[in-house]
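A short worksheet on the structure shown next.
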Amino acid sequence: MNLIRPPHLNPGDRVRVVAASGPVDQERFEAGLRVLGERYSPVYEDSALHARRGFLAGEDADRLKALHDAIEDEESRAIFLARGGYGLLRLLGSIDQDLLRAHPKPIIGFSDATALLALCAGAGVAAIHGPVVSQLGVLAAADLEALFALLEVPEPHQVLAGLDELVPGRTRGFLLGGNLEVLTRLLGTQFQPDFSGAVLFLEEVGEVPYRLDRLLTHLKMAGVLSAVAGIVIGDLIDCDYVEDGTLQSPTATDVVAERLSGLGIPVALGGSFGHGERNSPLPYGAQVELDTGAGTLTALESPVS
């Protein structure tokens, strides 16, 4: 995958904030904005950011315009998604990929932003699977520093450590994935990434074990799991089934182990990314190396130049 790598950032650079998915929680957003503002100069359109239309942050046309405006902004060096939720899937068919290539800048987000990150990879532009602004106020300091490093230091480095080995091995490939539920919605569409030889990373929140089984089985039936070179599993938050205070079997981890252990490729668990207390930033679309024995995922190229 030949990626366009946007120029690296410097402290104080102008960055855009866009609400392209669900409505923004004001308190969490302001806490995150303060953190972002200590490093960069965030800019956003107040009326667009705080719009609400049911479960969306405003009308589709308005959210699309805000995203396109941020992409075209020549003075802006990066785009931070305000929050996750739902809504980007509705915009994918209208996002101008030529615009992404003409004005490359790292887009940072996760969860619902999985759809946008996959679009960036398809357009050949590097992106970052990382915290949204509404998460920055409670983000671990190590993850915040790692995010700044990915944006500002155009050198490859280790992005995950302490992984738990499920299936041993070492492999290389382009890093693709994101939220499991959102990712499966791209299968069979023009926005499905090319998973051939990729290192796949997955995280999830609120999907109980039988639903995780269904989602992973969907990936298997679609040929994704037979195409990838390795897999890293991150947070599985609120994915276990508890009845009367007792954890029921199978657990979320049990399901993942059963579905992935027989693929014949390296698989690691315990990645510090997703909806939990940690959200280590990952260079979406970049070449990486997964070493399950060492418990590491290492970026072999930076998302910025």
Side-chain angles (χ1 to χ4, degrees), residues 1-21 36 39-45 48 63-82 88-89 91-133 146-157 159 173-178 182 186 190-195 198-199 201 281-288 299-305:
M1 182 183 298
N2 294 318
L3 286 177
I4 299 172
R5 297 190 304 152
H8 67 274
L9 276 69
N10 293 301
D13 278 348
R14 172 186 172 109
V15 299
R16 292 288 289 257
V17 179
V18 176
S21 300
L36 186 63
R39 189 73 173 198
Y40 304 118
S41 298
V43 175
Y44 59 89
E45 295 180 17
R63 289 181 291 114
L64 178 65
K65 182 180 184 303
L67 180 58
H68 279 162
D69 287 348
I71 294 170
E72 285 187 291
D73 184 349
E74 295 288 356
E75 297 181 4
S76 173
R77 304 298 297 277
I79 299 172
F80 284 80
L81 276 301
L88 271 164
L89 205 66
L91 304 183
L92 283 194
S94 300
I95 296 174
D96 190 334
Q97 296 186 46
D98 290 334
L99 206 62
L100 284 170
R101 287 185 285 265
H103 305 276
K105 59 195 68 174
I107 296 177
I108 304 100
F110 81 113
S111 192
D112 188 55
T114 294
L116 179 56
L117 300 180
L119 182 76
C120 288
V125 180
I128 294 176
H129 182 277
V132 294
V133 175
L147 175 60
F148 297 152
L150 267 190
L151 288 169
E152 298 173 14
V153 182
E155 298 176 1
H157 62 275
V159 291
F174 297 105
L175 189 64
L176 299 173
V182 177
L186 303 180
Q190 61 180 306
F191 306 109
Q192 175 180 329
D194 181 359
F195 292 103
V199 173
F201 71 97
L282 304 174
Y284 205 96
Q287 181 88 350
V288 297
L300 303 178
E301 58 183 351
S302 169
V304 295
S305 62

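Note that CZ of R101 and CD1 of I71 are 11.5 Å apart. Values are rounded to the nearest 0.5 Å. Between atom CZ of residue R16 and atom CG of residue L67 there is a gap of 10.0 Å, rounded to the nearest 0.5 Å.
Every residue two or more places apart in sequence or in another chain was checked for a salt bridge (charged side-chain N to carboxylate O under 4.0 Å, His left out) with E301, and none qualifies. Q97 meets the side chain to side chain donor-acceptor pair (under 3.5 Å) test with no other residue; sequence neighbours excluded. Under the salt bridge (charged side-chain N to carboxylate O under 4.0 Å, His left out) criterion, R14 pairs with D73, E75, sequence neighbours left out.
Listed for the R5 side chain is a donor-acceptor partner under 3.5 Å among the backbone atoms of S302.
The aromatic rings of F201 and H129 stand perpendicular to each other, their planes meeting at an angle above 60°, with 30° marking the opposite boundary.
The closest side-chain heavy-atom distance from L81 to S111 is not below 4.5 Å. Two residues are said to be in side-chain contact when any heavy atoms from C-beta on lie closer than 4.5 Å; I108 and P281 fail this criterion.
Ring centers of Y40 and F148: under 6.0 Å apart, within the cut-off.
Between K65 and E45, none of the side-chain N atoms (NZ, or NE/NH1/NH2) sits under 4.0 Å from a carboxylate O, so this pair counts as no salt bridge.
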Q: Given side-chain contact (heavy atoms from CB on, under 4.5 Å), test V288 with L282 step by step and report yes or no.
A: CA-CA 10 Å; V288 297; L282 304 174; over 6 Å; no

